[in-house]
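Letters A, B, ... are given to chains in the order of the sequence lines, protein chains preceding strands, and every chain is numbered from 1. What you see below is based on every heavy atom in this structure, not just the backbone, and it leaves out hydrogens, waters and symmetry mates.
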Amino acid sequence: MPELPEVETVVRGLRPRLEGRRLRRVQQRRKDLRFPLPARFAERLTGRRVERIERRAKYILAHLDGGEALLAHLGMSGRMLLVEDPDEPLQAHDHIVLETDQGLQIRFNDTRRFGIMDLVAEAELQAHWLLKDLGPEPLSNAFNGPFLAERLAGRRTPIKAALLDQKIVAGLGNIYASEALFHAGLSPRRQAYTVQRGRAERLAWAIRDVLQRAIAAGGSSLRDYVQADGELGYFQHQWAVYDREGEPCPGCDCGADGGPLGGGGIRRLVQSNRATFYCPRRQR
DNA sequence: CTACCATCCTGGTTGC
DNA sequence: TGCAACCAGGATGGTA
């Protein structure tokens with residue numbers, strides 16, 4: 001599930017339990033996730049103190065003493081489970097277990113194994129191949145209407161696809177891309193280069209707003225997804241269009257029959273092999 | 001550049 | 001009920 005708000009929620013859950021703690025035991029239960037884990041992964045983590053945890057786009061960065069950082073990505077199904085009792089049996093797909101000097105375990109569980117972990121020297125972090133091309137943080141001051149307009153200029157790809165491009169904005173995924181376009185009143189099919197000036201301003205604002213509201217709600221929980229602290233986010237109840245095909249969108253009579261634009265409510269379409277949801281009345 | 005597709009993997013849901 | 005097809009929050013890489 002993890003897009004920016006979910007990763008931010010996980011980071012906030014991990015911080016109080018991990019920052020300042022030393023890793024006394026690390027288990028690596030398979031040699032790879034999406035990519036091979038680095039050489040001597042568990043040994044290099046064991047005994048290290050976690051100085052600070054931060055989020056960059058959908059990545060989790062745990063800065064360690066000794067000059068390295070643990071880089072983690074949750075992929076599609078990755079979860080960080082906090083387990084108080086180290087004797088609790090491991091579950092299927094628990095791939096990595098970090099145990100702190102207080103006896104708390106953080107179990108990285110990832111059924112589909114699209115997740116990533118790597119150990120990177122601090123000095124090489126900026127240039128890391130997974131991080132170096134990322135666009136700006138959408139919640140930072142660097143991200144605004146004029147910036148977005150400039151990045152979209154000349155691009156013939158649909159705006160929905162452009163929003164999923166992590167080089168343009170870092171951290172949006174399939175759910176929040178649909179949601180942001182709805183709130184900005186822009187059709188997902190619109191060519192990216194036509195989003196300029198006022199439209200870019202509205203879209204940048206909608207992106208920030210939807211991400212901030214999702215973070216405030218603790219992210220969106222699907223199926224059994226649980227945050228690091230065991231709580232369930234509830235932003236999925238505030239989705240305006242995502243996964244709501246056929247329902248009327250909020251504050252619009254698009255569900256009603258008739259009218260020049262027809263009815264039937266929220267529509268689903270496939271772009272770049274991904275589902276997009278939108279309201280044909282409110283989004284142009 | 002861009003569009004499209006396959007790919008990595010598992011498991012839940014849908015439809016016949 | 002059984003089973004196969006389809007679908008899923010990400011992201012890359014190859015091809016045309």
Whole-Å distance separating the [atom1] atom of [X] from the [atom2] atom of [N]:
X: A:L33; N: B:dT10; atom1: CG; atom2: P; value: 12 Å
X: A:D133; N: C:dT12; atom1: CG; atom2: C1'; value: 12 Å
X: A:D165; N: B:dA3; atom1: CG; atom2: P; value: 11 Å
X: A:R79; N: B:dG11; atom1: CZ; atom2: P; value: 12 Å
X: A:L269; N: B:dC4; atom1: CG; atom2: P; value: 12 Å
X: A:L71; N: C:dA11; atom1: CG; atom2: C1'; value: 14 Å
X: A:M76; N: B:dT7; atom1: CE; atom2: P; value: 16 Å
X: A:D32; N: B:dC8; atom1: CG; atom2: P; value: 13 Å

Run A:Y234 and A:W239 through ring-ring contact (aromatic ring centres under 6.0 Å, His included) and show every step you take.
CA-CA 10 Å; A:Y234 55 87; A:W239 290 344; over 10 Å; no
Once you apply a heavy-atom cut-off of 4.0 Å, does [X] come out as touching a base, just sugar-phosphate, or nothing?
X: A:A275; answer: sugar-phosphate
X: A:G154; answer: sugar-phosphate
X: A:P158; answer: sugar-phosphate
X: A:R155; answer: sugar-phosphate

Any Lys/Arg nitrogen of [X] or [Y] sitting under 4.0 Å from an Asp/Glu carboxylate oxygen of the other?
X: A:E68; Y: A:R44; result: yes
X: A:D65; Y: A:R48; result: yes
X: A:E51; Y: A:R49; result: yes

Given [N], is OP1 or OP2 found less than 4.0 Å from the side-chain N or O atoms of [X]?
X: A:Q166; N: C:dG10; value: no
X: A:S77; N: B:dG11; value: no
X: A:K167; N: C:dA11; value: no

Between [N] and [M], how far apart are the two [atom1] atoms, rounded to whole Å?
N: C:dC3; M: B:dC9; atom1: P; result: 25 Å
N: B:dC5; M: C:dC6; atom1: P; result: 15 Å
N: C:dA8; M: B:dA3; atom1: C1'; result: 23 Å
N: B:dG11; M: C:dT1; atom1: P; result: 23 Å

Heavy-atom nearest nucleotide on DNA chain C taken for A:R274 and for A:W129; more 5' hit belongs to A:R274
With centres under 5.5 Å and planes under 30°, do A:F114 and B:dC8 count as stacked?
yes
If you only use heavy atoms from C-beta on, which nucleotide in C:dC7, C:dG10, B:dG11 is closest to the side chain of A:K58?
C:dG10
From the options B:dC5, C:dG10, B:dT10, select the nucleotide whose nearest atom is closest to the side chain of A:N273.
B:dC5
Look up atom OH in A:Y59 and atom CD in A:Q166, then write down how far apart they are to the nearest 0.5 Å.
8.0 Å
Below 3.5 Å, does any donor atom in the side chain of A:R112 face an acceptor in the base of B:dC9, or the other way round?
yes
Given DNA chain B, 5'-ward residue of the pair A:R34 and A:H93, judged by closest heavy atom
A:R34
A:Y193 six-ring centre to A:R156 NZ/CZ under 6.0 Å and within 45° of normal
yes
Watson-Crick or G-U counterpart of C:dA16, or none if no pair lies under 3.5 Å
B:dT2
